Amino acid sequence: MADLQAQERHDAHRGFPPAGRSRVVDGLRAYRLIAWMWIRSTMAYRASFAMTVFGNFAGTALDFVAILLMFSRVDELGGYSLGEVAFLYGLSSAAFGLTDLALGSVDRLGQRVRDGTLDTLLVRPAPVLAQVAADRFALRRLGRITQGLLVLGYALVVVDISWTPLKVLMMPVMVVSGAAIFASVFVAGAAFQFVAQDASQVQNSFTYGGTTLLQYPPTVFAKDLVRGVTFVVPLAFVNWVPALYVLDLPYPLDLPEWVAFLPPLVAVVCCALSGVAWRAGLRSYRSTGS
């Protein structure tokens with residue numbers, strides 16, 4: 001009994017709620033309160049907010065401008081038309097934009113570990129992950145989501161898709177599942193920073209680099225790379241696998257058609273594994289020693 005009570009006190013110090021309380025509910029409540037504080041701070045300067053949102057929108061739009069420039073010289077890219085590439089781009093950008101809005105701040109965890117400011121979060125009565133994720137909540141990231149949805153809307157207009165009820169249902173499922181998969185990568189990358197301490201660029205290579213990769217057809221990449229983002233870090237389930245089913249296009253690795261319906265399951269598994277990694281990383285944290 002004494003050991004159990006000691007473990008509960010240790011978990012509470014580390015930001016883990018007691019076993020009788022819902023970690024999810026506590027985390028969401030803390031996240032909402034912190035994020036709302038930053039939103040109120042941001043909206044105090046509405047003109048500045050509008051300009052930063054537009055800047056974020058314009059900056060991310062340059063990625064699609066690069067694709068448009070490619071198609072000014074070619075009719076197809078890896079066997080895909082402009083509309084089909086825009087479909088992949090829109091799904092990837094919208095899913096990543098949602099995750100970046102909600103969890104984009106976790107890539108600064110390494111800095112907190114190095115300078116010891118993470119200690120201040122450990123003594124607060126709220127889950128540490130919720131505090132780290134909501135810290136400096138940047139509403140300007142709505143620009144990326146808006147830009148991605150606009151490109152996706154353009155793709156839906158120009159691409160001739162044989163719609164079925166299942167394909168219609170898959171559209172919101174793809175965005176939500178893709179956002180959850182990206183969220184798991186964000187959290188797993190943050191957990192890795194407990195060990196590496198200065199690994200934000202490694203994390204960004206899988207998050208920001210991953211969304212850039214998914215904006216292009218899988219046929220333009222080497223098969224080993226495609227296998228890696230399918231079976232190792234399953235970013236392909238963000239858009240490649242389900243989108244190719246919607247577009248009636250063959251998947252490069254000749255996977256069966258039913259894998260197109262796996263993104264929700266993949267998202268759940270990835271989130272569970274990243275949660276385990278986060279708890280392991282947080283338990284291993286020993287402060288700076290200063």
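Being a predicted model, the structure only gives us computed values, none of them experimental. The figures here come from the full heavy-atom set of this structure, side chains too, leaving out hydrogens, waters and symmetry mates.
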Is there a path of hydrophobic side-chain contacts, each under 4.5 Å between heavy atoms of I, L, V, M, F, W or Y residues, that connects [X] with [Y]?
{"X": "L156", "Y": "V159", "answer": "yes"}
{"X": "L249", "Y": "Y251", "answer": "yes"}
{"X": "L169", "Y": "L149", "answer": "no"}
{"X": "L142", "Y": "M43", "answer": "yes"}
{"X": "Y245", "Y": "L253", "answer": "yes"}

Going by heavy atoms in the side chains, are [X] and [Y] under 4.5 Å from each other?
{"X": "L235", "Y": "V185", "answer": "yes"}
{"X": "Y31", "Y": "L129", "answer": "no"}
{"X": "D248", "Y": "S162", "answer": "yes"}
{"X": "F261", "Y": "L166", "answer": "yes"}
{"X": "S184", "Y": "L273", "answer": "no"}
{"X": "L91", "Y": "V238", "answer": "no"}
{"X": "V241", "Y": "P263", "answer": "no"}
{"X": "M171", "Y": "M174", "answer": "yes"}

Looking only at heavy atoms, what is the nearest atom pair of [X] and [Y], with distance?
{"X": "P264", "Y": "V173", "answer": "CG-CG1, 3.6 Å"}
{"X": "L101", "Y": "F137", "answer": "O-CE1, 3.3 Å"}
{"X": "C270", "Y": "P234", "answer": "SG-CG, 3.5 Å"}
{"X": "S92", "Y": "L214", "answer": "OG-CB, 3.7 Å"}
{"X": "V187", "Y": "S274", "answer": "CG1-O, 3.7 Å"}
{"X": "V85", "Y": "Q215", "answer": "CG1-O, 3.7 Å"}

Evaluation steps, ring pair (Phe, Tyr, Trp, His ring centres under 6.0 Å), between Y80 and F87: CA-CA 10 Å; Y80 287 66; F87 188 77; over 10 Å; no

From CA spacing to verdict: side-chain contact (heavy atoms from CB on, under 4.5 Å), I181, T99: CA-CA 9 Å; I181 292 172; T99 305; over 6 Å; no

Measure the spacing between [atom1] of [X] and [atom2] of [Y] and express it to the nearest 0.5 Å.
{"X": "D100", "Y": "T211", "atom1": "CG", "atom2": "OG1", "value": "9.0 Å"}
{"X": "L262", "Y": "S177", "atom1": "CG", "atom2": "OG", "value": "10.5 Å"}
{"X": "I34", "Y": "I39", "atom1": "CD1", "atom2": "CD1", "value": "12.0 Å"}
{"X": "L77", "Y": "T219", "atom1": "CG", "atom2": "OG1", "value": "7.0 Å"}
{"X": "F221", "Y": "W240", "atom1": "CZ", "atom2": "CH2", "value": "5.0 Å"}
{"X": "L118", "Y": "Y285", "atom1": "CG", "atom2": "OH", "value": "4.5 Å"}

[X] side chain vs [Y] backbone, donor-acceptor pair below 3.5 Å:
{"X": "S105", "Y": "V132", "result": "no"}
{"X": "S41", "Y": "M37", "result": "no"}
{"X": "W163", "Y": "V246", "result": "no"}
{"X": "S93", "Y": "G148", "result": "no"}
{"X": "E84", "Y": "S81", "result": "yes"}
{"X": "R136", "Y": "A133", "result": "no"}

W278 and F194: CA distance, side-chain angles, deciding distance, ring pair (Phe, Tyr, Trp, His ring centres under 6.0 Å) verdict: CA-CA 9 Å; W278 170 262; F194 281 112; 5.3 Å; yes

Counterpart residues, side chain to side chain contact (heavy atoms under 4.5 Å, CB included), relative to P256 (two or more places apart):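 P256 satisfies side chain to side chain contact (heavy atoms under 4.5 Å, CB included) with W258, V259 once adjacent residues are dropped.
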
Pairing of R227 and D224 as salt bridge, 4.0 angstrom limit: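 Yes.
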
Can you give the donor-acceptor pairs under 3.5 Å from side chains of residues 51-74 to other protein atoms, not counting sequence neighbours?
from	atom 1	to	atom 2	distance (Å)
T52	OG1	S48	O	3.2
T52	OG1	F49	O	2.8
N56	OD1	R144	N	2.8
T60	OG1	N56	O	3.0
T60	OG1	F57	O	3.0
S72	OG	L69	O	2.4

Worked check of side-chain contact (heavy atoms from CB on, under 4.5 Å) between T42 and R140: CA-CA 9 Å; T42 299; R140 67 178 184 276; over 6 Å; no

Plane angle bin for Y208 and F186 - parallel if under 30°, tilted between 30 and 60°, otherwise perpendicular: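 Answer is perpendicular, since the angle exceeds 60°.
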
Any donor-acceptor N or O pair under 3.5 Å, side chains N239, Y89: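 On atom types as modelled, these side chains do not qualify, holding no pair under 3.5 Å.
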
